[in-house]
Engineer: 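The structure that follows is given in the form of structure tokens.
All chains are named by letter (A, B, ...) in the order of the sequence lines, taking the proteins before the strands, and each is independently numbered beginning at 1.
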There are 4 protein chains.
Amino acid sequence: MTLAFAELRRKVCDLHAELTRNQLVTWTSGNVSGRVPGEDLFVIKASGVSYDELTPEAIVVCDLDGKLVDGELSSSSDTDAHAYVYRNLPEVGGQVHTHSTYATAWAARAEPIPCVLTAMADEFGGEIPVGPFALIGDDSIGRGIVETLTGHRSPAVLMQNHGVFTIGKDARAAVKAAVMCEDVARTVHIARQLGEPLPIPAEDIDRLYDRYQNVYGQ
Amino acid sequence: MTLAFAELRRKVCDLHAELTRNQLVTWTSGNVSGRVPGEDLFVIKASGVSYDELTPEAIVVCDLDGKLVDGELSSSSDTDAHAYVYRNLPEVGGQVHTHSTYATAWAARAEPIPCVLTAMADEFGGEIPVGPFALIGDDSIGRGIVETLTGHRSPAVLMQNHGVFTIGKDARAAVKAAVMCEDVARTVHIARQLGEPLPIPAEDIDRLYDRYQNVYGQ
Amino acid sequence: MTLAFAELRRKVCDLHAELTRNQLVTWTSGNVSGRVPGEDLFVIKASGVSYDELTPEAIVVCDLDGKLVDGELSSSSDTDAHAYVYRNLPEVGGQVHTHSTYATAWAARAEPIPCVLTAMADEFGGEIPVGPFALIGDDSIGRGIVETLTGHRSPAVLMQNHGVFTIGKDARAAVKAAVMCEDVARTVHIARQLGEPLPIPAEDIDRLYDRYQNVYGQ
Amino acid sequence: MTLAFAELRRKVCDLHAELTRNQLVTWTSGNVSGRVPGEDLFVIKASGVSYDELTPEAIVVCDLDGKLVDGELSSSSDTDAHAYVYRNLPEVGGQVHTHSTYATAWAARAEPIPCVLTAMADEFGGEIPVGPFALIGDDSIGRGIVETLTGHRSPAVLMQNHGVFTIGKDARAAVKAAVMCEDVARTVHIARQLGEPLPIPAEDIDRLYDRYQNVYGQ
């Protein structure tokens with residue numbers, strides 16, 4: 001494996017620290033992956049490794065069928081889902097999966113999160129949609145993610161009774177989407193506990209999304 | 001005491017750090033114990049010692065009647081309950097007791113946590129059951145734990161008006177069950193605040209549980 | 001000032017770290033005091049000092065009328081309340097005041113916390129009572145505390161629309177009561193969000209309280 | 001740039017640590033600014049910089065029209081709002097903007113936070129008001145802040161569907177207002193989940209506010 005692989009493994013390894021810092025994961029329950037630029041490969045967390053002990057060696061390399069290509073450890077049990085998404089959405093360069101509390105609570109009711117915050121319009125460009133109930137072990141989860149996100153601006157999908165999957169142009173963008181998804185899931189949940197949040201008009205959501213995607217940051 | 005005792009005491013001592021890190025305990029209110037392999041003995045936290053000051057010396061050795069066999073400090077006031085479980089469930093190698101917030105809230109209503117999350121099917125194989133109201137001071141709590149968990153896949157029981165007891169093949173497995181119990185107790189609570197979570201069909205719970213117990217991890 | 005004063009100031013200073021660690025305080029909004037053994041004096045946090053910058057020099061000495069006796073800084077604006085309690089309850093050796101979130105939420109509704117947890121029976125021996133609405137600036141708050149806690153087992157009182165005051169045989173015991181008060185306020189609140197917690201029979205509360213006060217710990 | 005600029009940039013940079021410590025911000029979503037004494041200038045966080053990597057170089061200098069005067073990075077996308085407030089409220093020396101969870105939940109419902117806590121009477125002198133829904137990109141947000149806070153004691157305004165803006169005599173005072181705003185937003189929210197908090201009579205709010213503004217602290 002070349003220097004580029006080593007660097008990507010280190011980056012993806014380090015990004016898991018954002019999952020714990022933002023309290024998106026419990027025990028070993030979430031993972032980050034990143035596509036290897038220019039190859040039909042991606043790197044992903046090994047299965048059941050605790051975040052404290054995570055080193056680049058525990059970030060293994062898989063092909064787009066989810067088969068282990070390099071690494072001493074078995075890959076995440078969510079590898080098939082990540083592989084399906086990389087196979088079918090070529091613009092995706094990174095993915096994150098978590099069971100973060102508030103987002104998963106919406107997923108347990110199979111209820112999309114309505115877009116009632118300007119920060120949500122910025123990042124998600126509308127509601128955060130719900131994907132189907134799907135068992136682990138084949139392409140069901142990956143297919144549910146791809147079908148739900150196709151034609152949607154949202155980089156996050158709530159998989160029914162399960163948790164969140166996010167996509168991005170790279171692993172860091174997918175981590176940001178996972179962090180922001182939990183943040184808006186929590187705020188909208190709390191807002192709705194005491195009444196109905198006011199809607200944001202669709203044309204204002206469009207304006208906020210366009211500006212944020214094109215102007216924000218450095 | 002041999003090297004094996006010293007090592008087990010150190011392990012059980014260190015596992016208490018997972019209770020504080022995962023915010024399962026307040027002040028001195030929870031404890032971990034571990035069976036001594038090949039002996040009718042177990043080690044358990046001493047009573048009323050703060051987690052900050054916990055050293056292997058504060059993990060004392062008891063026999064299966066709960067009598068102190070080695071150690072300078074009195075054992076946890078939950079020692080009788082742990083002893084009863086080790087006496088009656090030979091497959092149990094570790095136990096944890098906490099008053100973690102969300103699980104205890106379900107326990108205060110004596111309401112089992114319904115299995116509406118795939119992560120819950122994975123770890124608990126169904127609902128998390130409720131045991132009886134029982135006073136401390138004799139075998140009542142231990143008996144309640146054993147009677148409730150017998151014939152159940154769940155390694156966790158919510159003792160009415162009290163808190164959580166978890167079991168495992170070793171102390172670490174029991175700690176994991178305590179951590180996951182609070183996690184699903186919180187997520188399902190939050191889901192139910194705004195509506196009814198969707199059920200997972202019983203046969204899918206079975207499939208998830210089987211796969212997780214047999215395939216997950218390294 | 002003697003060595004005993006220096007030691008008490010250091011102890012009371014250090015105990016404020018438990019307020020922040022247990023997330024009972026925001027900005028500079030809580031304080032700990034301790035009676036000087038054998039003297040008509042107590043030590044208390046200075047007003048408006050942040051917990052990060054707290055040193056024993058910011059723990060000042062007051063007499064039982066609340067007048068500053070030693071220290072370069074003005075004493076806490078809650079000094080009059082602490083002084084009144086020390087004057088009228090000679091068995092009290094330490095006090096804590098916080099606006100901890102869940103306890104203050106019960107106080108905002110002037111609703112006592114019902115005793116539905118064994119941990120609450122242990123520490124509080126029954127419900128946590130509510131004291132009157134009282135303005136700062138004279139003896140009103142102190143009088144409300146003393147009148148409410150007299151004849152009660154609870155070392156904590158919820159002052160209406162305000163926050164929590166706790167007492168103890170020393171400052172550490174009062175801190176423990178403040179920590180446990182927020183813990184049970186939170187758990188009972190969460191339990192009640194989805195139904196009614198089951199009551200604990202009065203005679204069982206008595207048994208739990210007696211055992212915990214006499215047997216628990218080292 | 002002179003020493004005074006360097007010092008102000010350092011101070012404003014450091015104050016962002018209070019936003020993360022008090023959990024008011026997620027990813028890069030909040031900012032602090034401070035007026036440069038004696039100049040028609042203010043300093044503000046650069047856009048999209050993470051709090052971990054924040055250095056005084058990422059605190060840039062703008063004029064009161066929001067134009068970048070000194071700094072290598074683009075200023076916060078909220079610069080226009082801060083500039084409008086500095087232009088129109090000469091007594092304001094510092095500002096903070098966050099999407100802190102509970103305050104933003106009230107903002108999503110466009111519901112002011114009622115003054116039912118003595119700590120709220122102290123700091124805000126009454127309810128925390130709601131400003132209009134306003135799109136980013138021109139003076140709309142700034143105008144909404146100024147119009148809502150004019151004639152109000154509250155240093156905080158909840159901007160509908162958006163988040164919180166706070167003002168103060170300097171940046172530190174605005175940070176304190178942002179911290180206390182989230183604290184009371186959370187406590188009053190939780191109080192209202194199980195019933196209606198008791199009101200505080202208007203004349204008592206006045207007395208509490210007067211005392212706190214004039215007597216509290218050193």
Engineer: For atom CD of Glu203(C), is the number of surrounding heavy atoms from other residues, nucleotides or ligands below 6.0 Å larger than 12?
Structural biologist: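 It does: Glu203(C) CD has more than 12 such atoms within range.
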Engineer: So which residue, Val179(C), Asp204(C), Leu208(C), ends up with the most heavy-atom pairs under 4.5 Å with chain B?
Structural biologist: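 Winner by heavy-atom pair count: Asp204(C).
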Engineer: Is chain B contacted by the side chain of Glu18(C), its backbone, both, or neither, given a heavy-atom distance below 4.5 Å?
Structural biologist: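 The side chain, not the backbone.
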Engineer: Working to the nearest 0.5 Å, report the span between CZ of Arg186(C) and OG1 of Thr26(B).
Structural biologist: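 It comes to 6.0 Å.
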Engineer: Can you say whether Ser76(B) sits under 4.5 Å from chain C via the side chain, the backbone, both, or neither, judging by heavy atoms?
Structural biologist: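 No part of it gets close to chain C.
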Engineer: Can you tell me which portion of Gln23(C) sits under 4.5 Å from chain B's heavy atoms? Options are side chain, backbone, both or neither.
Structural biologist: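 The answer is the side chain of Gln23(C).
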Engineer: Roughly how far, to the nearest 0.5 Å, is the CH2 atom of Trp27(B) from the NZ atom of Lys176(C)?
Structural biologist: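 Atom-to-atom, Lys176(C):NZ and Trp27(B):CH2 are 7.5 Å apart.
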Engineer: If you define the side chain from C-beta out and look only at heavy atoms, does anything of Leu194(C) sit under 4.5 Å from Arg109(B)?
Structural biologist: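 Answer yes - side chains close enough.
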Engineer: Is there a side-chain contact between Ile136(B) and Arg211(C) in this structure, where contact means two heavy atoms from C-beta onward sitting under 4.5 Å apart?
Structural biologist: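 Sidechains of Arg211(C) and Ile136(B): in contact.
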Engineer: Leu117(C) and Ala108(B): which non-hydrogen atoms are nearest, and at how many Å?
Structural biologist: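 Heavy atoms of Leu117(C) and Ala108(B) come nearest at CD2-CB, 4.0 Å.
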Engineer: Quick check on Ala107(B) against chain C: is it the side chain, the backbone, both or neither that has a heavy atom closer than 4.5 Å?
Structural biologist: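 Interface part for Ala107(B): neither.
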Engineer: Going by heavy atoms in the side chains, are Leu198(C) and Phe133(B) under 4.5 Å from each other?
Structural biologist: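 Not in contact.
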Engineer: Please identify, among Thr28(B), Thr104(B), Leu73(B), the residue contributing the most non-hydrogen atom pairs under 4.5 Å to chain C.
Structural biologist: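 Among the listed options, the one with the most contacts to chain C is Leu73(B).
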Engineer: Atom OG in Ser29(B), atom CG in Asp122(C): separation rounded to 0.5 Å?
Structural biologist: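 Interatomic distance, Ser29(B) OG to Asp122(C) CG, rounded to 0.5 Å: 10.5 Å.
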Engineer: Sort Leu135(B) into side chain, backbone, both or neither according to what part of it lies under 4.5 angstrom from a heavy atom of chain C.
Structural biologist: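 The answer is the side chain of Leu135(B).
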Engineer: Supply the atom-to-atom distance His99(B) NE2 to Met120(C) CE, rounded to the nearest 0.5 angstrom.
Structural biologist: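 One finds 13.5 Å between NE2 of His99(B) and CE of Met120(C).
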Engineer: Non-hydrogen atoms of chain C under 4.5 Å away: do they reach the side chain of Asp78(B), the backbone, both or neither?
Structural biologist: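 Neither; nothing under 4.5 Å.
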